[in-house]
**Q** 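What follows is a single structure, and I will ask about it in a moment.
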There are 2 protein chains.
Amino acid sequence: MTAASTTTRDQQREETRERIVAAALEAFAEKGFRGASTRDIARRAGTNQGLITYHFRSKDELWRAAIDRVFATLGTHLLDTATAGQEDPREALREGIRQYVRFNAAHPELFRLMVDEGKSSDERMTWLIDTHMRPRFEAIERRLEADGRIDPALLPHAFYAMVGAGSLIFAVAPECRRLTGLDPETRSAIETHAEFVARLLVP
Amino acid sequence: MTAASTTTRDQQREETRERIVAAALEAFAEKGFRGASTRDIARRAGTNQGLITYHFRSKDELWRAAIDRVFATLGTHLLDTATAGQEDPREALREGIRQYVRFNAAHPELFRLMVDEGKSSDERMTWLIDTHMRPRFEAIERRLEADGRIDPALLPHAFYAMVGAGSLIFAVAPECRRLTGLDPETRSAIETHAEFVARLLVP
DNA sequence: GTCTATAATTAGATAGAC
DNA sequence: GTCTATCTAATTATAGAC
């Protein structure tokens, strides 16, 4: 086996894994962990069910790969849009919130998965928190405590208020369209919501 | 068959249906529509699976009965706590929000079911909106438009911000406990959150 | 690395005993 | 009205051909 063919095979491996993970993210967010079937995921990825257990040992491990992926996307999104050198700390905070809202508009999966898992204390939930959520929560905690502008006891309330206010409308976009007539996925609706939530939390 | 025995049978019928609906609400909120099994629901209700299809034709119809139940509970809760004769309209609005938050603390199922259904445009979602959500949304709409204190174009944003901010922390209570150390189900946490969200939306 | 075939469970819905 | 037994279909995970 030549080096070239090895590379090609590795590339194909990664491409296939990537397709499956993307399809899994979509399916898990849409139907929940139990509701999504590996057959449906395979179909969405344009492959077969057997290949999923080849690349990922189990449905559980595939779910973890999907979560890893969405948090990696969140990380790069927030890094790319970080406002360095913003003078007004309140405006810097607002812009951080706006960017978080924009991310939720582009990736409603994150919130859906969070709600799907956060309600029961199983092993997936503890893994999700310990691996991905705690580091982010503590970063926010440190930032706000350094500012000294919020009572630390209120931080959990502010955190879940921000996440809920900034994500729900996109997570239930089909419902929002039918209920209110507003399509939250349009550019103007996203910007309006980002500004609304940013001003809500940092008046 | 005597009138007395008929009454007893009807009572038992209603009791059984009620037990099943309560168990279904619990299971659907915990695991989602697809994730919850009728066998599990029967077990929670202390009965068997066959009885579910006897009282409710299908899993779908059982789900509708569960939704009817939680919205009925919301209705009586908001009626019972309605603040008649509050002079300051802003304070009346705040108190309405506080009561909504308190309801979510006591019944996190409503939000979980909303998120579970709102993401896909299937028949259950349209039924949920048309039957239960639109009347409530329009009532809020009329109330706020009469006040004339909010731009009607912002109403959907304010609505979903309020629902998200006021519900999420209770809907993912196990997660909140592990992530932040705060137990959102304690009386003091509920009151803190109610006040936080009320002041957020009506400063 | 990819696919088909299949084993072992579990699902919702039905039939029939009591 | 309640329960057990069962049918059909779908699920995850595995085995083995290519």
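Below, chain A is the first sequence line, B the second, and so on; all start at residue 1.
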**Q** Can you measure A/Leu51 atom CG to C/dC3 atom C1' for me and round it to whole angstrom units?
**A**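 Between C1' of C/dC3 and CG of A/Leu51: 8 Å.
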
**Q** Got a donor-acceptor contact below 3.5 angstrom from the A/Lys59 side chain to the A/Phe33 backbone?
**A**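 Between the backbone of A/Phe33 and the side chain of A/Lys59 there is a qualifying donor-acceptor contact (under 3.5 Å).
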
**Q** Will you find, in the side chains of A/Gln99 and A/Glu95, an N or O donor that is under 3.5 Å from an N or O acceptor?
**A**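 The answer is yes; a qualifying pair exists.
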
**Q** If a pair satisfies salt bridge (Lys or Arg N to Asp or Glu O under 4.0 Å) and one of its residues is in residues 194-203 of chain A, list it, with sequence neighbours excluded.
**A**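 Non-adjacent pairs meeting salt bridge (Lys or Arg N to Asp or Glu O under 4.0 Å): A/Arg98-A/Glu195, A/Glu195-A/Arg199.
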
**Q** Can you list every side-chain hydrogen bond (donor to acceptor under 3.5 Å, both in side chains) pair that touches residues 178-191 of chain B, not counting sequence neighbours?
**A**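 Qualifying pairs: A/Asp130-B/Arg178, B/Arg102-B/Glu191, B/Arg177-B/Asp183, B/Arg177-B/Glu185.
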
**Q** Using whole Å, report how far CZ of B/Arg43 lies from P of D/dT4.
**A**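 One finds 15 Å between P of D/dT4 and CZ of B/Arg43, rounded.
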
**Q** Between B/His193 and A/Tyr160, does the ring centroid distance fall short of 6.0 Å?
**A**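 They do not qualify: ring centres at least 6.0 Å apart.
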
**Q** Under a 4.5 Å cut-off applied to non-hydrogen side-chain atoms, are B/Trp127 and B/His132 in contact?
**A**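 With C-beta onward as the side chain, the pair touches.
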
**Q** Write down the distance between CD (A/Glu15) and C1' (C/dT2), rounded to a whole number of angstrom.
**A**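 My rounded result for the distance is 14 Å.
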
**Q** Over how many whole Å does the gap from B/Asn48 atom CG to D/dT4 atom P extend?
**A**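 Result: 6 Å.
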
**Q** Could you tell me if the ring centre of B/Phe159 sits under 6.0 Å from that of B/Phe137?
**A**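 When the ring centroids of B/Phe159 and B/Phe137 are compared, they turn out to be within the sub-6.0 Å range.
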
**Q** Would you indicate whether the side-chain heavy atoms of A/Ile129 and B/Glu175 approach each other to under 4.5 Å?
**A**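 They are in contact (side-chain heavy atoms under 4.5 Å apart), so the answer is yes.
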
**Q** Using atom CD of A/Gln11 as one end and atom P of C/dT2 as the other, report the distance to the nearest whole Å.
**A**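 Going from A/Gln11 (CD) to C/dT2 (P), I get 13 Å.
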
**Q** Got a sec? Which of residues 119-128 of chain A come in under 4.0 Å of DNA chain D, heavy atoms?
**A**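 Within residues 119-128 of chain A, no residue comes under 4.0 Å of DNA chain D.
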
**Q** So, A/Arg94 side chain and A/Pro203 main chain: donor-acceptor pair closer than 3.5 Å or not?
**A**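 Looks like yes, one N/O pair under 3.5 Å.
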
**Q** Base contacts versus sugar-phosphate-only contacts with protein, heavy atoms under 4.0 Å: please encode nucleotides 12-18 of chain C as B, S and - from 5' to 3'.
**A** BBB----

**Q** Over how many whole Å does the gap from A/Glu61 atom CD to D/dT14 atom P extend?
**A**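 After rounding, the gap between these two atoms is 12 Å.
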
**Q** Can you pull out how bent the helix from C/dG1-D/dC18 to C/dC18-D/dG1 is, comparing the axes over its first five and last five pairs, to 10°?
**A**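 Overall, the helix from C/dG1-D/dC18 to C/dC18-D/dG1 bends by 0° from one end axis to the other.
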
**Q** Considering residues at least two apart in sequence or located in another chain, which fulfil the side-chain contact (heavy atoms from CB on, under 4.5 Å) criterion with A/Asp147?
**A**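 Checked A/Asp147 against side-chain contact (heavy atoms from CB on, under 4.5 Å); matches are A/Arg149.
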
**Q** So, does A/Thr47 get its side chain near the phosphate of C/dT2, meaning an N or O under 4.0 Å from OP1 or OP2?
**A**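 Checking A/Thr47 against C/dT2: no side-chain N or O falls below 4.0 Å of OP1 or OP2.
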
**Q** Check whether A/Arg112 reaches the backbone of A/Ala171 with its side chain - one donor and one acceptor, N or O, closer than 3.5 Å.
**A**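 It does hold such a pair.
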
**Q** Rounding to an integer number of Å, can you tell me how far A/Ile52 CD1 sits from D/dA13 P?
**A**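 Spelled out: CD1 on A/Ile52 to P on D/dA13 is 10 Å.
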
